[in-house]
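Just so it is clear: chains get the letters A, B, ... in the order the sequence lines come, proteins before strands, and each one is counted from 1.
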2 protein chains.
Amino acid sequence: MTLSEENYLKAIYHLEQLSGSGVSTNALAEEMQTKASSATDMVKKLADKQMLIHVPYQGATLSDAGRSHAVKVIRKHRLWETFLVEKLNFKWDEVHDVAEQLEHIKSEKLIDELDRFLEFPKYDPHGDPIPDKNGKFNTIEKITLTQALENKSYRCIGVKDDSSQFLKYLDSNQIGLGTSFEVVHKEPFDQSVKIKLKDKELVVSQSVAKNLFLETL
Amino acid sequence: MTLSEENYLKAIYHLEQLSGSGVSTNALAEEMQTKASSATDMVKKLADKQMLIHVPYQGATLSDAGRSHAVKVIRKHRLWETFLVEKLNFKWDEVHDVAEQLEHIKSEKLIDELDRFLEFPKYDPHGDPIPDKNGKFNTIEKITLTQALENKSYRCIGVKDDSSQFLKYLDSNQIGLGTSFEVVHKEPFDQSVKIKLKDKELVVSQSVAKNLFLETL
DNA sequence: ACCTTTTTTTAGTTTTGTCTAAAAATATAA
DNA sequence: TTATATTTTTAGACAAAACTAAAAAAAGGT
Ligand SMILES: [Mn+2]
Ligand SMILES: [Mn+2]
Ligand SMILES: [Mn+2]
Ligand SMILES: [Mn+2]
């Protein structure tokens, strides 16, 4: 698998998770920031390599081999992100781009030893589950802040958007993984949410609310 | 700098160190395990990018920018090798191929934090000096076992050949970095050397002797 | 100096991954 | 159902990095 093929596999895996079904050429091109014709080319190549099934005009569906490889790349990405934060003083908004490079390093021993070195972490710095050596990982149900109820308390356990912009916004408002707060008010007009954390009140927009994963306290 | 350009820069740097002068196209092709025509293509490209000076039919000489970049890649290679051995339970014969991949990861913060995490090591697992952030590194004079004198004692401080084959040979004979021994006899007929280490005597061939770096005790 | 061998460069091709433009298939909507 | 819009695929081109084959330059030997 080349670097490019791995990135496409990861993108297809991601889109399959979101939609629950096959992945359209346009959606894939959009996700990969490229043209539909390029996506078609790669889908055909990956179909040749038995990584997915492609029915022309009907989209692509990962094979077991393709899904397994995608999960391996995701495992590497999340382990490296964890390493960068835990050992190399990176902030959670600085790790993604470097992990995008590191996830393509080829060495089974490297990644398994890294896993051991980090003491087999279950979640990465953004709250995403880390697949183990066999590709298994936790999928606890997470709600977003848009789904939370007034006067109830929650803990932040993940982010849907892991862009540097969003993460820095959270930092500047003292919200991180593990942060607990109470939902004070949900504004019907613009779907903004007022929360109380550490005795401070804060209003967050809908764009923020829908990207915060919570667990009920 | 692309991965390929970086590998060529490293090779040219290496050959310049060995010969002390400019690098011929053939030597470069040999080092890179490729054809002379490919070497010419890349030398021209690197000359365009001001990484080296190329006089047709006269070979290539690194510019300051080229040498500086080569040293940066070498710094990364050696820091990663150190990380693999110190933290991830790799043996010294297992690190090279993985480091060849890791040395191309682009992130200044990554490598400087790795350096700090490893507590600014001065030498890699093969005894090669690690350039610091500014590209400076120790160049202590090293002799090879072929140059050692009878009835004198030495300590192994490096290897010239870092192939897995050679390193495994050393392992199986209990020779590693820091190992001390006495030179018992130098055989004029075939340049083999008999040494005494930990009360055991061992005869090593000339091929072995010329790849072992020593310091006088 | 002249011929031969070796080294280096040039010219043209291949593969991978991208692109634009155009054609074909599918979806939508009057 | 038929026209229109959208999506997807095909066709052809390009850049990077490799290759082979051939031409050109330099080095060696007599
Ligand atoms: Mn990430
Ligand atoms: Mn992550
Ligand atoms: Mn090495
Ligand atoms: Mn080394």
Side-chain angles (χ1 to χ4, degrees), chain A residues 1-13 15-16 18-62 66 69-70 73 100-101 103-106, chain B residues 1-13 15-16 18-62 66 69-70 73 100-101 103-106:
Chain A
M1 290 292 110
T2 67
L3 182 144
S4 198
E5 288 166 353
E6 287 190 338
N7 284 334
Y8 271 94
L9 277 183
K10 216 174 35 148
I12 296 165
Y13 179 87
L15 294 169
E16 264 189 357
L18 288 185
S19 70
S21 68
V23 173
S24 78
T25 302
N26 253 11
L28 181 56
E30 164 75 20
E31 175 82 9
M32 289 297 295
Q33 303 267 62
T34 185
K35 301 300 155 108
S37 50
S38 302
T40 300
D41 287 346
M42 186 55 88
V43 161
K44 281 180 169 176
K45 197 178 165 199
L46 290 171
D48 278 352
K49 293 197 175 189
Q50 321 262 37
M51 290 291 121
L52 52 78
I53 287 150
H54 179 222
V55 184
Y57 295 99
Q58 299 296 127
T61 315
L62 288 178
H69 197 94
V73 176
E100 284 292 309
Q101 299 178 62
E103 72 188 4
H104 302 291
I105 302 291
K106 278 152 191 57
Chain B
M1 290 290 109
T2 67
L3 182 145
S4 197
E5 288 166 354
E6 287 190 338
N7 283 334
Y8 271 94
L9 277 183
K10 217 175 35 150
I12 296 166
Y13 178 87
L15 294 170
E16 265 188 357
L18 288 184
S19 71
S21 68
V23 173
S24 78
T25 303
N26 254 9
L28 181 54
E30 164 75 20
E31 176 82 9
M32 289 299 294
Q33 302 267 63
T34 185
K35 301 298 156 101
S37 50
S38 302
T40 299
D41 287 346
M42 186 55 88
V43 161
K44 281 180 170 175
K45 197 176 164 200
L46 290 171
D48 278 352
K49 294 197 175 189
Q50 321 261 34
M51 289 291 121
L52 52 79
I53 288 152
H54 179 220
V55 184
Y57 295 99
Q58 299 296 127
T61 315
L62 288 178
H69 197 95
V73 176
E100 284 293 309
Q101 300 178 62
E103 72 187 5
H104 302 292
I105 302 291
K106 278 153 191 56

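- Each of dT18(C), dA11(D), dT10(C) was ranked by its minimum atom distance to the side chain of Ser37(A); first place goes to dA11(D).
- Annotation: salt bridge (Lys or Arg N to Asp or Glu O under 4.0 Å) contacts of Lys35(B) (sequence neighbours excluded): none.
- Between dT18(C) and Ser38(A), no contact under 4.0 Å exists linking OP1 or OP2 to a side-chain N or O.
- Sorted by residue number, the members of residues 19-32 of chain B with any non-hydrogen atom under 4.0 Å from DNA chain C read Ser24(B), Thr25(B), Asn26(B).
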The contact string for nucleotides 24-29 of chain C, one letter per nucleotide 5' to 3', using protein heavy atoms under 4.0 Å with B, S and - for base, sugar-phosphate only and none, comes out as BSS---
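- A heavy atom closer than 4.0 Å to some atom of DNA chain C occurs in no member of residues 47-54 of chain A.
- Side-chain contact between Leu3(A) and Gln101(A): absent, with no pair of heavy atoms (C-beta onward) separated by less than 4.5 Å.
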Would you give me the side-chain donor-acceptor pairs under 3.5 Å for residues 22-29 of chain B, sequence neighbours excluded?
residue	atom	partner	partner atom	Å
Ser24(B)	OG	Ala27(B)	N	3.1

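- Listed nucleotides dT8(D), dT10(C), dC19(C) differ in distance to Thr40(B); the shortest reach to its side chain belongs to dT10(C).
- Look at Lys35(B) and you'll find a side-chain N or O under 4.0 angstrom from OP1 or OP2 of dT20(D).
- Shown here are the salt bridge (Lys or Arg N to Asp or Glu O under 4.0 Å) partners of Glu100(A), two or more places apart in sequence or in another chain: Lys10(A).
- Spacing between atom CG of Leu3(A) and atom P of dA16(D) amounts to 17 Å, rounded to whole angstrom units.
- Nearest heavy-atom pair across Leu46(A) and Tyr8(A) is CD1-CB, 4.0 Å.
- With sequence neighbours excluded, the residues satisfying side chain to side chain contact (heavy atoms under 4.5 Å, CB included) with Ser19(A) are Ser21(A).
- The salt bridge (Lys or Arg N to Asp or Glu O under 4.0 Å) search around Glu6(A) returns Lys106(A), not counting sequence neighbours.
- Scanning all heavy atoms of the two residues, the minimum distance from Glu31(B) to Ala11(B) falls at CG-CB, 3.6 Å.
- A close approach under 4.0 Å does occur between a side-chain nitrogen or oxygen of Ser4(B) and OP1 or OP2 of dA18(D).
- Taking Glu16(A) as the reference, nothing meets the salt bridge (Lys or Arg N to Asp or Glu O under 4.0 Å) condition, with sequence neighbours excluded.
- Lys49(B) is linked by a side chain to side chain donor-acceptor pair (under 3.5 Å) to Glu5(B), counting only residues two or more places apart in sequence or in another chain.
- We find that CD of Glu5(A) is positioned 13 Å from C1' of dT15(C), with the value rounded to whole Å.
- Met32(A) places none of its side-chain heavy atoms less than 4.5 Å from the side chain of Met42(A).
- Taking atom CE of residue Met42(B) and atom C1' of nucleotide dA15(D), one finds them 13 Å apart after rounding to whole Å.
- Between Asp41(A) atom CG and dT20(C) atom P there is a gap of 13 Å when expressed in whole angstrom units.
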